[in-house]
Every structure is written in C-alpha cells, then in structure tokens.
There are 2 protein chains.
Amino acid sequence: MTATSKRDRILDSAEALFAERGYDGVTLRQIASQAGVDVALANYHFGKKIALFNAVFERRAALLNESRLEALRRVQESAAPAGPTVEQIIEAFLRPLELTQENADPGWRHYLALIAYVNNSTYWGKRMMSKLFDDLVHEFIDALRQALPQASDRDLYWCYHNLSGALTLTFAQTERIDTLSNGQCRSSDFQAAYDHMIPFVAAGFRRVCEPGE
Amino acid sequence: MTATSKRDRILDSAEALFAERGYDGVTLRQIASQAGVDVALANYHFGKKIALFNAVFERRAALLNESRLEALRRVQESAAPAGPTVEQIIEAFLRPLELTQENADPGWRHYLALIAYVNNSTYWGKRMMSKLFDDLVHEFIDALRQALPQASDRDLYWCYHNLSGALTLTFAQTERIDTLSNGQCRSSDFQAAYDHMIPFVAAGFRRVCEPGE
DNA sequence: GTCTATACCGTGATAGAC
DNA sequence: GTCTATCACGGTATAGAC
C-alpha cells in the first residue's frame, strides 16, 4: 500500500509541476508519471485538466486563510481595545506563511510558487485570485483602516497591491536575488524575506496613509 | 504594402500573446494568425519557438535600460555632489516605465506584462531576468547605497526585491485590484500605481536601511 | 468504487519542397 | 518567402480488470 492515496499523489505532482511550469507547460502524462499512476486516473478523479488545476489551487486555500485570520484575531485580541499596529497586522498576514516552510512538507512551497504564478499572470490572475482570497484580504484591509484612520480606501488598496507583489515574488523562489546579490541573499530564505518585508511594508503603509510626515 | 514588416508583426503578436498566456499557452499558429502571416514564417525568421520568445524578450530591453539609466544620470547630475535622495532614485527607476504607457503603442504594455510573467515564474525567472537586467539594477543599487550609507548589502538587495515584486505585479495588469477595491482602483492606471509606489518603496528602504528610527 | 490499458482524433512544432 | 507534409504528442473517452 502507498502511504498517500493515488488521488493525493496526483494533486501533489500537479501542484509541483504547475508551480514550476504553469498550466500549459505541464501535461497530464507528466503529472501521472511523477505520481506513479496511469494517465487516465487524473481524468477519473478530476475530470478535465482545468478542473485538476482548480482542485490544486483550492486545496490549501482554506487552511491558509484560516491560519492567517487566526493570527489576525490573536493580535486584535491582545491589542484590544486600541487595536493592533500596522506592524502587527502585516506580521499576522505574513508569518503564517513562514510556518508552512518549516515543516518538511514541500507541498506548501510548491503551492506558494503556484500562487505567485497565478497572481502575476494577466490571464489567470483575474480568474482565480479574487474568488479565494479577497474575503481574507478585506479582513486585513479593515484592520489596517482602523490602524490608519486617515487613510483613503484607494491608498489602502494600492498599498496592499505593493505588499501582494513583494510577497508573491518571494513565493516564486526564482533565485534571481541569489544571482543579483552574488549569493548574499537566497530566495529560499523566507525568514529573511519576511524579516525585511514586514518593516518595509509597514513603513510604506505609514508613509502613504499617514498624512503630514 | 504593409506599414510594418511581417517580421515585426510576428514579434508584436508574439509579445501580446506570450504576455497574456505565457510561453506554453501560445502556439505558433496563433501568433502567425494574429500577425496575418503563414505559420512557417516565424520559423524562417527566428528558428525555434524558444528563439522567438527570446527575441521578443530582448527586443525592448536595451531601450528600457537606457531610458532608466539616463533618468538616473540626470538626477545624479542635478543632485551633485550630495547625490540624489532615495525618492529621486526610485523615481528614476519607475517613471520611464510610465512614459511607455502614454504613447499609443500597446506593445510596451504587453512587454511589461511579459516581464511580470517571466520575473514571477520559477522556471523562467532565473533563466531570463538576470542576463538582461542585473547590470542596470546594480547601477541603481549603487546609487541607493550612496543615499543610504549605513545599509548592508543584504538589506539593499531584499529591499530591491520588494520593489521588484510590487513593480512587476503592476506590470501584469491582472485587474485584481479593480475587483478588490470594487472599482476604486484600476490596474491599468500606471500613474496611480507609481504615485503610490514611489513613497511606499522609498519609506520602506529608509526604514530597513536607516538605523535608529 | 478504484484503477489500468488503449484508442481516438485534433493539434503542435518543424522540415523540406517549391 | 510560402505551402504542404510529417510525425509526435496532447487531452480525453471508453472498456473492462480488480
């Protein structure tokens, strides 16, 4: 017997391959081969290729959103009634992602790279991101609006856009920063990425959304 | 006679389609069809599909780098001998991109979306970005190092990473911010994007790279 | 219900004839 | 430069084994 079901192995392989090469860059035969199953099995479990893609994308989304929302609720409670700072909110948005890197499961790493691919794709971005993540993002924007009471909605959304871009480029793990920095930084080092991203992004929000500095 | 050569029309069509659907999401037949030429002509001019992809990616890179370097030199001269501020350097990095949006040529818009796709792709990112853009980025990092004399190299590179992510997500024009903001922001509005990105990013650099705030 | 073997048929990149 | 042929490979359906 196999430790994980064949259905899960198909999802795992599809996740890894889609993340690396994109939807069209992967064949069902490659996925099946890597999963050690017959080509037709993907079709049996998921139907068309696009349905498998959606299944992969949706599989971990709820878990991810839950852990981030939980982190937000935690800082909201601990900071009541004043409400959390910008830094605390950004931290709650990012650190749960770091935890996914620590345990041995490489699936989370592939999943985040897949999000990078989707988020930055003209075609897939609009089709797939909003449905799964906008509710959660609105929770965080609401919290930021409280922390930055003079901010306009437009400012908040553009600032979030900057955060989203910085974050998803980190997900992609392209190793470009390794080359650029001549090895001083490594794109696999999520902790270093977030350690720099949290103050960077928080300062950006403050500058744009707090008048009169 | 056609206004532009068939060779250029192939490049234009390939640029638009690769930007929208990625390398594997586009067929040579689609490219040829949109360009109004025979399928085999792409092969005649560029050889293999991957060579066409590279030709598209390289076509506008030099021009882009030149206009950004020129903008950097300009602020460096006007700010001599003190050297330009972080804000001025970021401005020189971004504003030339905005200009490309103003003239009617949609090719530049497609090209930037293609950069977004490449930069955030685990597979293509490491293969294509460094070769064309790292020299220019090092010029800007050198300028930032002067403006932020206490910064470590690692800090500078991670901050640039955040800038690169925010910038390329903007390039992708996924319209996600349109949905998220309920129409208050539009991803086609590069000027608004840069107006928010410049202070956001400059503040981020300062927070991370200037001690004791 | 789960899974495999296989066949189908359209479409892809590419090369060679013209 | 253009047209056409090639031939491998893609997604998908189906029949039936376990």
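Keep in mind that this is a model prediction, so the values were computed, not measured. Below, chains carry the letters A, B, ... as their sequence lines are ordered, and counting in each starts from 1. Any value given below was found using the heavy atoms of this structure, including those in side chains, with hydrogens, waters and symmetry copies removed.
- Scanning for ring pair (Phe, Tyr, Trp, His ring centres under 6.0 Å) contacts around B:F57 gives an empty result, with sequence neighbours left out.
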Name each donor-acceptor pair under 3.5 Å that joins a side chain in residues 117-124 of chain A to protein atoms two or more places apart or in another chain, with its distance.
residue, atom, partner, partner atom, Å
A:Y117, OH, A:Y23, N, 3.0
A:Y117, OH, A:W124, NE1, 3.1
A:N119, ND2, A:S164, OG, 3.2
A:N119, ND2, A:T168, OG1, 3.3
A:N120, OD1, B:N120, ND2, 3.3
A:N120, ND2, A:A116, O, 3.0
A:N120, ND2, A:T168, OG1, 3.2
A:N120, ND2, B:N120, OD1, 3.2
A:S121, OG, A:Y123, N, 3.2
A:S121, OG, A:W124, N, 2.9
A:T122, OG1, B:A172, O, 2.8

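- Sorted by first and then second residue, the side-chain hydrogen bond (donor to acceptor under 3.5 Å, both in side chains) pairs involving residues 170-180 of chain A (not counting sequence neighbours) are A:R176-B:D134, A:D178-A:S187.
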Let me check something: any side-chain donor-acceptor pairs from residues 28-41 of chain A under 3.5 Å, sequence neighbours excluded? List them with distances.
residue, atom, partner, partner atom, Å
A:Q30, OE1, A:T27, N, 2.8
A:Q30, OE1, A:T27, OG1, 3.4
A:D38, OD2, A:A40, N, 2.9

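- A search for salt bridge (charged side-chain N to carboxylate O under 4.0 Å, His left out) contacts involving B:D155 returns nothing, not counting sequence neighbours.
- For B:E20, the salt bridge (charged side-chain N to carboxylate O under 4.0 Å, His left out) test picks out no residue, with sequence neighbours left out.
- Near DNA chain C, defined here as any heavy-atom distance below 4.0 Å, the residues from residues 47-55 of chain B are B:K48, B:K49, listed numerically.
- Between chain B and DNA chain D, the heavy-atom contact criterion of under 4.0 Å yields a 5' to 3' nucleotide range of D:dG1 to D:dC3.
- Between B:E91 and B:R74 there is no salt bridge, since none of the side-chain N atoms of the basic residue sits less than 4.0 Å from a carboxylate O of the acidic one.
- In this entry the distance linking CD of B:Q30 with C1' of C:dG10 reads 14 Å, nearest Å.
- A heavy-atom distance below 4.0 Å to DNA chain C is reached by these residues of residues 33-45 of chain B, ordered by number: B:A40, B:N43.
- When the side chain to side chain contact (heavy atoms under 4.5 Å, CB included) test is applied to A:Q76, the partners found at least two apart in sequence or on another chain are A:L72, A:R73, A:P84, A:A143.
- Nucleic acid contact for A:R7: none, since no nucleic acid atom lies under 4.0 Å from a heavy atom of the residue.
- Here salt bridge (charged side-chain N to carboxylate O under 4.0 Å, His left out) pairs that include residues 180-197 of chain A, with residues two or more places apart or in two chains, are A:R95-A:D195, A:R186-A:D189.
- Counting to the nearest Å, the C1' atom of C:dT11 and the CG atom of B:D24 are 15 Å from each other.
- Qualifying salt bridge (charged side-chain N to carboxylate O under 4.0 Å, His left out) partners for B:E58, counting only residues two or more places apart in sequence or in other chains: B:K131.
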